[in-house]
Undergrad: 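Here you go, one structure.
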Amino acid sequence: MRRSYAWDLGIIVALVLFVAVAGQTIEGVGSPRFWRFVILEVIPVALIALPLALVVITGEIDLSVASVLGLTCTVLGQLWAWGVSSLPLLIVLCLLLGAALGAVNGVFVTVFGLPSLAVTIGTLALYRGLAYVVLGDRAVANYPTTWTRNAIAAIPGLTIPWMILVVVAVAVILGVILHATPIGRGLYAIGNNAEASAFAGISVARTKFWLFVLTGAMSALAGVFWTFRFASARADNATGLELAAVAAVLLGGVSIFGGRGGLVGVLAAVVLLATLRNALQLADVPANALTIVTGSLLIASVVGPNVATQARDALRRRRARTAT
Amino acid sequence: MTALAERPGDTRTRGRVVAQRFFVVRELGIGLALLLLIVITALVNPRFLAAQSIKDLLLGSTILAILATGQAIVVITRNVDLSVGSVLGLSAFAVGTLFVSAPGTPIPVALAMGVALGAACGAVNGLLIAAARVPALVVTLGTLYVFRGIDYTWATGKQVNAADMPAGFLRMGTKAVLGVPVLALFAVVVLVFAGYYLRAFRSGRELYAIGSEPAAARLNGIPVGRRIFGAFVVSGALAGFAGVLYAARFGTLDANAGINSELNVVAAVVVGGVAIFGGSGSVYGAALGAVLLTTIGAALPVLGVSPFWQRAAVGALILAAIGLDRILMARVGERLRVIGGRSVAENAPDQRKGARRA
C-alpha cells in the first residue's frame with residue numbers, strides 16, 4: 001500500500017508544481033475564472049472516473065461510460081420534450097436508466113462470465129446507437145434557464161461551481177468504503193486474485209455486478225450535468241470521454257490488472273489533466289495537440305514505476321549474488 | 001480403445017480435430033450471417049446486388065479489413081492495439097504531404113513510406129510493451145493520443161486536397177479489375193499472407209501459444225517479448241498501409257482521418273471470432289467481421305431501417321458474437337474433456353499435452 005500513497009502524493013506534487021510554474025509564466029492561470037473552467041471540466045470526468053476506478057481495482061473495465069452518458073442525455077432531452085417537467089423526477093429517471101444500463105453490463109460480465117473489455121466495447125456501440133435512435137441528429141436545448149444556470153452556479157462567495165461538492169461527497173463516500181471497510185479490502189482482494197477471494201468468502205460476482213450498476217448510475221448523473229451545462233441534449237454528447245476517464249484512472253495509479261490504486265490519486269489525476277489542458281489552452285497551444293501531453297503522461301505514469309521496479313529487482317538479485 | 005493405446009499421438013490429433021471444427025463452425029457462422037443479411041437485403045431491393053453497390057461494399061470494407069487483420073494478430077497474443085486509428089491518420093497525412101512537397105514521387109515509394117512509418121509507430125508500441133513490460137491497453141491508449149496529437153500538430157490549418165495527388169494514385173483508389181476494386185485486392189493479398197503465416201509458420205503458431213498461456217509459452221522457450229514486438233510492428237505496418245489506401249480512396253486529407261476507428265476495428269475482430277483474451281481465432285474471421293460490420297451499415301437503409309439504428313445493431317452483434325463464442329467454447333471444452341478423459345485410463349502422460357495443444 002505504501003507505494004500507492006507515494007503515487008498519490010507524486011500526482012499532487014506534480015499538480016502543485018505545474019500550477020506554481022504556469023501561474024508565473026502563463027497569463028490567466030490560477031485566476032478564479034481559470035479554476036472555474038477547470039472545475040467545470042473536472043466534474044463530469046470525476047463523477048465517472050471515481051466509480052470506474054473501483055471497477056478497475058477489481059480487475060474489470062467499463063468502456064461504455066461515455067455512451068451511458070450520451071444515452072442519458074438523449075433520454076433526458078426526449079422526456080423533457082414530451083412534457084415531463086419535474087426536475088427531481090427527471091433526475092431520478094435518469095439515474096435509474098444509468099443503473100439499468102450498468103446492470104446489463106454487470107449481467108453479461110458476472111452471470112454469463114464474459115470478459116468486460118469485450119462486453120463494454122459492445123455496449124459502448126449499443127448504448128451510443130440507442131442514443132441516436134432516441135434523438136437522431138436532433139438536439140433538445142430549450143430547458144428552463146433556471147435549470148441550466150443552477151447546474152453551473154457557483155458556491156456563494158466563490159467562483160467554483162457547487163457541483164464540485166457532489167463530486168467531493170462521492171469521493172469521500174467511495175474513498176471511505178474503499179480504504180476503510182471490509183468491502184473495500186474485498187475489492188483489492190478480488191483484483192489480486194478473484195478465485196482466492198471467492199474461497200475467502202467474498203461474493204465476487206455480486207460485488208462486481210453492483211460496481212457496474214454504480215458506474216452506470218454515476219455516468220448517468222454526469223449525463224444530467226452535461227445536458228444542463230451545455231444546455232443541449234445530443235446523441236453525440238461526450239463521444240470518446242471513456243478514454244479520457246480510463247486515462248485518468250490509470251494515471252491516478254490504479255493498476256490495469258486490478259488490485260492496486262486509490263481514489264485520492266484518481267481525483268488528483270482528473271484535476272491535473274483538466275488543469276494542464278486549460279493552462280496550455282491559455283498559452284495558445286492548440287487544443288488538439290494537447291492530446292500528446294495526455295498520452296505521454298499516461299505512458300510515463302506506467303513505464304516509470306515499471307522500470308523502477310525492474311531496476312530494483314535487478315539490483316536486489318545482484319546484491320543477493322554478491323552476498324553468497 | 002486398444003488401438004488408441006497403441007498410438008500415443010491419437011488424443012492429440014482428435015483434440016485438434018475438435019478444435020479445428022470449432023473454428024470452421026465459427027467462421028462459417030459469420031459467413032452465413034453475412035450471406036443471410038445480403039440475401040434478405042437483396043430480396044427487399046435487388047439493386048443491393050448491383051455491380052456498383054457490391055463494389056462500394058468491398059471498397060468500404062477494405063480499410064477496416066486490413067486494420068482488423070493486424071489487430072487480430074495482436075489480439076491472438078492476448079494484447080490489443082488501440083492506436084491503429086491514429087497510425088492510419090498519421091500515415092495518410094504523411095503520404096499526402098509527401099505528394100505535395102515532392103509531386104513526382106512514384107506510388108510504390110509512397111506506399112513503402114506509409115508502411116514504414118506505420119511500422120515505426122508499431123515498433124514504439126512494441127518496445128514499450130515488450131521491453132518495459134507495460135500492459136498493451138495502457139501503452140496503445142497513450143500512443144492513440146500521442147500519434148493523433150503529432151498528426152494534429154503537423155496538420156494544423158493544413159489540408160491536402162485531391163488535386164495535390166498524382167492522378168495515378170487516386171485512380172488506384174477507385175479502379176476495379178473485373179468488377180473488384182484494386183484496394184480490395186490489396187486487402188485480399190494481405191489477408192492471405194497473414195492467414196498463411198499464422199497457420200504454417202512456427203513463429204505464427206507461437207503467437208497462439210503466447211496468447212493461450214504466456215507463462216507456459218515462456219517456459220517452452222518461445223521468445224515471448226520478441227514475438228509480441230513483432231506482432232505490434234505488423235499491426236502498425238498494416239495500419240500505415242491502410243493509411244496510404246485511405247489517402248488514395250478519399251484524396252482529401254486533414255488530421256481527422258481514421259479518428260475513433262479503433263473500437264470499430266476491435267469490434268470487427270471480436271465479431272469475427274478472435275477471443276479477446278487471445279489464443280484463438282483467425283485473420284479470416286476478423287476480415288469477415290469487418291465485411292459484416294460494413295455490410296450492416298449499407299444494408300440498413302435499404303431495408304428501410306433508420307440509419308440511426310446502425311450503431312445499436314453493431315453493439316448487439318458484438319454482444320451476440322461473444323456470447324456465441326462462450327457457448328461454443330464451453331462445448332469444445334466438454335468434448336476435449338471427454339476425449340482426454342477416455343485416454344486418461346490408457347495413456348495418462350499424453351493426455352495433458354493433448355488438451356493443452358488443442
Side-chain angles (χ1 to χ4, degrees), chain A residues 61 63-64 67 104 108 112-137 235 239-240 242-244 246-247 250-251 255-257 285-307 309-310, chain B residues 80 82-83 86 124 128 131-157 255-256 259-260 262-264 266-267 270-271 275-277 293 306-323 325-327 330:
Chain A
I61 196 159
L63 292 178
S64 72
S67 297
V104 171
F108 272 107
F112 301 144
L114 299 172
S116 55
L117 182 63
V119 167
T120 57
I121 285 179
T123 51
L124 178 149
L126 179 65
Y127 296 162
R128 184 64 70 181
L130 291 176
Y132 278 100
V133 171
V134 172
L135 272 193
D137 48 11
T239 304
E242 65 275 344
L243 296 184
V246 172
L250 299 179
L251 181 60
S255 160
I256 189 77
F257 296 124
V285 177
N288 290 324
L290 296 180
T291 57
I292 299 182
V293 179
T294 312
S296 314
L297 265 181
L298 178 60
I299 295 174
S301 73
V302 187
V303 171
N306 257 28
V307 171
T309 316
Q310 278 177 27
Chain B
V80 70
L82 293 180
S83 71
S86 301
V124 172
L128 285 168
R133 303 263 175 87
V134 182
L137 188 71
V138 182
V139 169
T140 58
L141 180 59
T143 51
L144 177 155
Y145 285 120
V146 173
F147 296 153
R148 181 65 67 186
I150 295 172
D151 196 5
Y152 276 130
T153 317
W154 188 11
T156 305
N256 285 315
I259 200 161
N260 293 335
E262 53 281 339
L263 293 180
N264 256 344
V266 177
V270 169
V271 167
I276 195 84
F277 281 134
L293 291 192
S306 147
F308 294 125
W309 276 96
Q310 187 201 333
R311 272 166 165 273
V314 169
L317 190 68
I318 298 170
L319 294 177
I322 53 178
D325 281 346
R326 182 81 193 170
I327 296 168

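Naming convention: chains lettered A, B, ... in sequence-line order (proteins, then strands); numbering from 1 in each chain.
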Undergrad: So which part of B:L141 gets closer than 4.5 Å to some heavy atom of chain A, the side chain, the backbone, both or neither?
TA: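 Both backbone and side chain.
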Undergrad: Can you tell which part of A:Y127 gets under 4.5 Å to a heavy atom of chain B, answering side chain, backbone, both or neither?
TA: neither
Undergrad: Where on A:L297 is there a heavy atom nearer than 4.5 Å to chain B: the side chain, the backbone, both, or neither?
TA: neither
Undergrad: Measuring heavy-atom distances to chain A, does B:V134 have an atom under 4.5 Å in its side chain, in its backbone, in both, or in neither?
TA: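 Both parts, heavy atoms under 4.5 Å.
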Undergrad: Need one label for B:I327: side chain, backbone, both or neither, based on atoms under 4.5 Å from any heavy atom in chain A.
TA: neither
Undergrad: Taking side chain as everything from C-beta outward and backbone as N, CA, C, O, which of these in A:S255 sits under 4.5 Å from a heavy atom of chain B? Side chain, backbone, both or neither.
TA: neither
Undergrad: With a 4.5 angstrom heavy-atom cut-off, which part of B:T143 approaches chain A: side chain, backbone, both or neither?
TA: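 For B:T143, backbone and side chain are both near chain A.
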Undergrad: Just how far is it from atom OG of B:S86 to atom CG of B:L144, taken to the nearest 0.5 Å?
TA: 4.0 Å
Undergrad: What residue, out of A:V119, A:L126, A:L298, A:V246, has the most heavy-atom pairs lying under 4.5 Å from chain B?
TA: A:L126
Undergrad: Are a donor atom and an acceptor atom from the side chains of B:N256 and B:Y152 found within less than 3.5 Å of each other?
TA: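 Present: a donor and an acceptor within the cut-off.
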Undergrad: Between B:L319, B:L317, B:I322, which is the residue that forms a side-chain contact (heavy atoms from CB on, under 4.5 Å) with B:V271?
TA: B:L317
Undergrad: At a heavy-atom separation under 4.5 Å, does A:F108 approach chain B through its side chain, its backbone, both, or neither?
TA: side chain
Undergrad: Non-hydrogen atoms of chain A under 4.5 Å away: do they reach the side chain of B:F308, the backbone, both or neither?
TA: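 It is both, since atoms from each part get that close.
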Undergrad: Any idea which heavy atoms bring A:T123 and A:T120 closest together, and the distance?
TA: OG1-CA, 3.2 Å
Undergrad: In terms of heavy-atom pairs under 4.5 Å, which option from B:T153, B:V138, B:I259 contacts chain A the most?
TA: B:V138
Undergrad: By a 4.5 Å heavy-atom criterion (distance strictly below it), what part of A:L130 contacts chain B: side chain, backbone, both, or neither?
TA: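 Contact with chain B is through both the backbone and side chain of A:L130.
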Undergrad: Give a yes or no on whether the backbone of A:L124 and the side-chain of A:S64 come within a donor-acceptor separation of less than 3.5 Å.
TA: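 Between the backbone of A:L124 and the side chain of A:S64 there is no qualifying donor-acceptor contact (under 3.5 Å).
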Undergrad: When rounded to the nearest 0.5 angstrom, what distance separates CD1 in A:I121 from CD in B:E262?
TA: 10.0 Å
Undergrad: Give, as side chain, backbone, both or neither, the part of A:I256 having an atom under 4.5 angstrom from any heavy atom of chain B.
TA: side chain
Undergrad: Select one option (side chain, backbone, both, neither) describing which atoms of B:A131 are under 4.5 Å from chain A's heavy atoms.
TA: backbone
Undergrad: Under a 4.5 Å heavy-atom cutoff, which of A:D137, A:T239, A:V293 has the most pairs with chain B?
TA: A:D137
Undergrad: For B:Y145 and A:A244, indicate whether the former's side chain and the latter's backbone hold a donor-acceptor pair under 3.5 Å.
TA: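 Answer holds: yes.
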Undergrad: Is the closest side-chain heavy-atom distance between B:L137 and A:I61 below 4.5 Å?
TA: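 Yes. Closest side-chain heavy atoms under 4.5 Å.
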Undergrad: B:I276 versus chain A, heavy atoms under 4.5 Å apart: side chain, backbone, both or neither?
TA: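 Interface part for B:I276: side chain.
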Undergrad: Any chance you could measure B:R311, atom CZ, to B:L293, atom CG, to the nearest 0.5 Å?
TA: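 Rounded to the nearest 0.5 Å, the CZ-CG separation comes to 12.0 Å.
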Undergrad: Would you name the heavy atoms of A:I299 and B:L128 that are closest together and state the gap between them?
TA: CG2-CD1, 3.8 Å
Undergrad: Can you tell me which of A:G129, A:A235, A:A131, A:A247 forms the most heavy-atom pairs within a distance under 4.5 Å of chain B?
TA: A:G129
Undergrad: Using a cut-off of under 4.5 Å for heavy-atom pairs, which of A:V303, A:V134, A:L135, A:L63 has the most such pairs with chain B?
TA: A:V303
Undergrad: Checking A:L114 against chain B: side chain, backbone, both or neither under 4.5 Å from a heavy atom?
TA: side chain
